[in-house]
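None of the values given here were measured: they were computed from a predicted structure.
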Amino acid sequence: MTTTVKSSAEIRKAFLDFFASKQHQIVPSSSLVPGNDATLLFTNAGMVPFKDVFLGAESRSYTRATSSQRCVRAGGKHNDLENVGYTARHHTFFEMLGNFSFGDYFKTDAINFAWQFLTEVLQLEKEKLLVTVYETDNEAFDIWVNQVGVPAEKIIRIGDKSPEKKYESDNFWSMGDTGPCGPCTEIFYDHGDHIWGGPPGSPEEDGDRFIEIWNLVFMQFNRQADGTMENLPKPSVDTGMGLERIAAIMQDVHSNYEIDIFQGLIKSAAQILSVSDLTHNSLKVIADHIRSCSFMIADGVMPSNEGRGYVLRRIIRRAIRHGHKLEAQGHFFHKLVAALAEQMGDAYPELVKQQAVIEKILRIEEEQFGRTLDRGMALLEDIITGLKGKQIDGGDVFKLYDTYGFPADLTADIAREREISIDEDGFEQQMQAQRQRAQQASQFGTDYNEKLKSEQHTSFKGYTNHDYSATVVELFNEEGKISTLSAGQKGVVVLDNTPFYAESGGQVGDTGVISTGNGEFDVTDTVKLGNAFAHHGVARGDIQLNARVKASINVERRAAITKNHTATHLLHAALRQVLGEHVTQKGSLVDDEKLRFDFSHFEGVTATELRTIEQLVNQQIRSNSERETALMQIDEAKAKGAMALFGEKYDDEVRVVTLGGFSTELCGGVHVNQTGEIGLFKITSEAGIAAGVRRIEAVTGEGALAYVDAQSDTLGAISTLVKSDSANTLSKVEQMIVKAKQLEKEVSQLKQKMAAQAGSDLISNTVDVNGVKVLIANVEGSDPKALRDMVDDLKNKLGSGVVMLGLANGAKVNLIAGVTKDLIGQVKAGELVNMVAQQVGGKGGGRPDMAQAGGSEPENLDAALASVQAWLTEKL
């Protein structure tokens, strides 16, 4: 092998350049968050971004494509997490090199392209390659033999796994139970007879000698529900070759972890952790995990306790645990982002652009998990030490997870290292019980809107019109479809045309009036029913099906909504400018009173940052930029820099709203014509609502003025109370706070003196119990906060003895017990106070020498204290 194509970067470039020379469009890697498949947690194959093209639901300007797609397999059906670090070729993150034909070329070109790239560009030895085909795919077999020249004995036919399961084969690909499917041919590389394993289809095929490097899928059939196979009108090709696998071959190493990218990361990790053994499996885990974690965060995923965020959190925690195994001193994981950006930043510039943000998020997660890890590991060690069999009980796994936050997959990982297992079924039963409890605590009824179904199509005219003539095409009441909605009835009106905006994209639906010749229909809300707009409200006259009407929105309310909606766009842009480009919209609500905007961010927004964000938005309002709206192709919109929501599905043609040079977003909502119409923007609150998600609420226009007026009124009222003018109110309040704290300190000191005096007075109540001084008292009227000082003082005065005090404080009971250290072998304060607490409706405990408790039955206090002497008589 004399090729100069060796490094991972060189292989990636050579692949893309080769297929570009074959008239393929080079398509940049899509996000790890699939935009066209809600069933997938992450993009897990090169074809995922093209899925709708293969299904015919989307068209592109090209029929041939090539890409190097970043992928993650660490959650859901495609989960390689458990094997990472223990095998030579399992990763959570990998790059898939692929070439695709959308009804253009088929088997002949696909096979010849693959062979040419491997043997001519990469110059792999033909003798080291062998091929598999689907058992009955004679066409592919003939191409390999007669056109490519591969000897027949090096082509292996792979059939169905059993006669009962037709088309269920490693060499037959399906998108699902129905739909596009077809045979595939795979290319394997022989690493040599010094490595154990047999060729595909043999009993030893699971060995590491013969490694699949490229899979060519031929989408040839459309499988029907009854199992019949129809030929697709435009057969297509989907291929995939793992960059890490082919790099291992080109760099003459056996394990993927020995290639340049991983070696760079492993050496950096070893240096950070002061580890000399570069072959340690934990270094492999850490090197793999920094790739997946960094790319997930770069693609907008934030650590959380559900969905993609939970997968990210699991991987981060697994990496931290392996650092813990290597005796990491302090936080280390985030320090590897710089090494990753150096290795892969040229191919993926977003890593460099967001390096600081990625580092910060990883550091915060590491800090939070560090405490959990230490506590969880100690508890797990106790469980393993006391284990009688070879399996950890599911209840213990659940307790570690539910009570101490120790993830079950980490427990399983550690158990496997100790050659034991966990009771996964038992753990899942506990989890299911917890889910049921949560569901029972949160029951919701069926939404009325879900009962309505409509096949109508309403044309929205509200971008430029506030009223519009229309025809009633459908009527509903609570029973279903009707032909007449009578006066006084609640119902739903569907029109063929409407100026009413239906709730979507966070913007609430319009209200207003639909006028007929017989009366009016008051619209209280507008929502979507498929392609129809449902106008909810109450009839003030009979409404007939097919009647001509005039639909008029509440113009004043719409104006307030548009101000708030446009302000959310300005806020989004300002947040990204001040906090970083990791900020993405996670939800919004825009109505006529306020706006609410949820966004991804890993920590609270400081007062200074909020002020800067607010100033930026108001600066854009004062600039009075014109709102521009355009319809364009989705690719054109993204090229223009339009913000799109992760996971959202967009049509080929999208509506792009641009506000000066400050904000460009995909949006179907209504907006002001000039930003100056917003008037004023004022943030009213900022808070965290979930892990990695923050919420800002704000007001605009008249609402913002009303908010400022209310703040001014509050300041005026405070000024009056403290007898100051508004300019000096702050300093006057600060003076009063300092004085109040000083008075609190003096009162506390006085109470301590009073408690000490009360303690001295109580000494006379001391009794002798078997030669031990015992003081039992109801200290009615004392300060509950002074009880600890009182007990300490009494113990000092007794020298050796037991103190038990009780206090009725309204409907509550405060109890405290003290035992001098020479007596804790006979009497423990925690046991004593718990015995008394149980008699007054409570429980408690504490140290052997000092313990406190509470209760809710003050009427039983005296009787409970009276029982102490007899209890102590048995102990002493």
Side-chain angles (χ1 to χ4, degrees), residues 297 302-304 354 356-365 367-368 563-564 566-590 593-623 662-663 675 678-719 721-722 724-741:
I297 294 169
M302 302 291 281
S304 70
Q354 299 193 52
V357 171
I358 297 167
E359 288 174 344
K360 193 166 188 178
I361 293 172
L362 292 179
R363 180 178 54 77
I364 291 171
E365 276 294 300
E367 289 171 354
Q368 291 175 344
K563 290 174 184 176
N564 284 332
T566 305
T568 62
H569 284 223
L570 297 176
L571 172 61
H572 192 186
L575 285 166
R576 288 173 62 83
Q577 188 168 319
V578 174
L579 302 181
E581 294 191 9
H582 65 281
V583 169
T584 54
Q585 181 178 338
K586 294 297 182 182
S588 69
L589 174 65
V590 178
E593 295 182 351
K594 65 183 182 304
L595 65 91
R596 188 180 76 202
F597 191 78
D598 300 340
F599 58 97
S600 56
H601 191 51
F602 43 83
E603 60 186 351
V605 186
T606 67
T608 301
E609 289 170 335
L610 285 173
R611 177 64 58 85
T612 303
I613 291 162
E614 194 173 81
Q615 289 172 344
L616 277 172
V617 173
N618 281 309
Q619 183 181 346
Q620 291 303 312
I621 292 170
R622 290 193 301 273
S623 71
F662 192 70
S663 167
T675 57
I678 299 171
L680 177 66
F681 171 83
K682 190 68 184 171
I683 294 174
T684 58
S685 68
E686 188 278 338
I689 60 169
V693 181
R694 311 293 299 178
R695 170 173 291 171
I696 282 180
E697 293 194 356
V699 286
T700 64
E702 293 295 329
L705 291 173
Y707 179 81
V708 172
D709 287 343
Q711 295 289 89
S712 178
D713 291 344
T714 301
L715 177 60
I718 294 172
S719 299
L721 286 172
V722 300
S724 173
D725 56 59
S726 58
N728 297 306
T729 297
L730 178 60
S731 60
K732 188 67 179 286
V733 170
E734 288 174 340
Q735 292 171 15
M736 294 179 71
I737 290 172
V738 170
K739 187 174 181 180
K741 287 182 177 179

* **Shortest non-hydrogen contact from Phe602 toward His582** => CE2-NE2, 3.4 Å

* Structure fact -> Minimal heavy-atom distance between Ile297 and Gln354, with the atoms involved, is O-OE1, 4.2 Å

* For Glu614, does the CD atom sit with more than 12 other heavy atoms under 6.0 Å from it, leaving out its own atoms? -> yes

* Asked: Is the closest side-chain donor-acceptor distance between Ser600 and Thr584 under 3.5 Å?
  -> yes

* Write down the atom of Val583, the atom of His572, and the distance for their closest heavy-atom approach. => O-NE2, 4.0 Å

* Asked: Nearest 0.5 Å, what's the CD-CD distance between Glu365 and Glu367?
  -> 10.0 Å

* Spacing of Gln619 atom CD and Thr612 atom OG1 [to the nearest 0.5 Å] -> 11.0 Å

* Asked: Any side-chain heavy atom of Lys594 within less than 4.5 Å of one from Thr684?
  -> no

* Identify the two heavy atoms, one from Tyr707 and one from Val699, that lie closest to each other, and give their separation to 0.1 Å. => CB-CG2, 4.0 Å

* Are the side chain of Thr714 and the backbone of Ala710 linked by a donor-acceptor contact shorter than 3.5 Å? -> yes

* Going by the side-chain hydrogen bond (donor to acceptor under 3.5 Å, both in side chains) test, name the single residue among Arg695, Gln585, Arg694 that passes it with Asp598. => Arg695

* Passes side-chain contact (heavy atoms from CB on, under 4.5 Å), Leu571 versus Phe599? Steps please. -> CA-CA 11 Å; Leu571 172 61; Phe599 58 97; over 6 Å; no

* Asked: From Leu579 CG over to His601 NE2, what is the distance, rounded to the nearest 0.5 angstrom?
  -> 4.5 Å

* Roughly how far, to the nearest 0.5 Å, is OG1 of Thr568 from CG of Leu570? -> 8.0 Å

* Structure fact -> Value for CD (Gln615) from CG (Asn618), rounded to nearest 0.5 Å, stands at 8.5 Å

* What is the minimum heavy-atom distance between Leu595 and Ala567, and which atoms define it? -> CD2-CB, 3.6 Å

* Asked: Would you find a donor on one side and an acceptor on the other, under 3.5 Å apart, between the side chain of Thr675 and the backbone of Gln620?
  -> yes

* Closest heavy-atom pair and its distance - Ile621, Leu680 -> CD1-C, 4.2 Å

* **Point-to-point distance, once rounded to the nearest 0.5 Å, from CD of Glu609 to CD1 of Ile613** => 6.5 Å

* Check the pair Val693, Met302 against side-chain contact (heavy atoms from CB on, under 4.5 Å), reporting the backbone distance first and the verdict last. => CA-CA 8 Å; Val693 181; Met302 302 291 281; 6.0 Å; no

* For the pair Lys563 (side chain) and Thr700 (backbone), establish whether a donor and an acceptor sit closer than 3.5 Å, ignoring hydrogens and angles. => no

* **Flag side-chain contact, heavy atom, 4.5 Å: Lys682 against Gln711** => no

* Would you please test Leu575 and Ile696 for side-chain contact (heavy atoms from CB on, under 4.5 Å) and show each step? => CA-CA 10 Å; Leu575 285 166; Ile696 282 180; 3.9 Å; yes

* Any sub-3.5 Å donor-acceptor pair from Ser726's side-chain atoms to Gly716's backbone N or O? -> no

* side-chain contact (heavy atoms from CB on, under 4.5 Å) between Asp725 and Asn728, worked out -> CA-CA 6 Å; Asp725 56 59; Asn728 297 306; 3.0 Å; yes

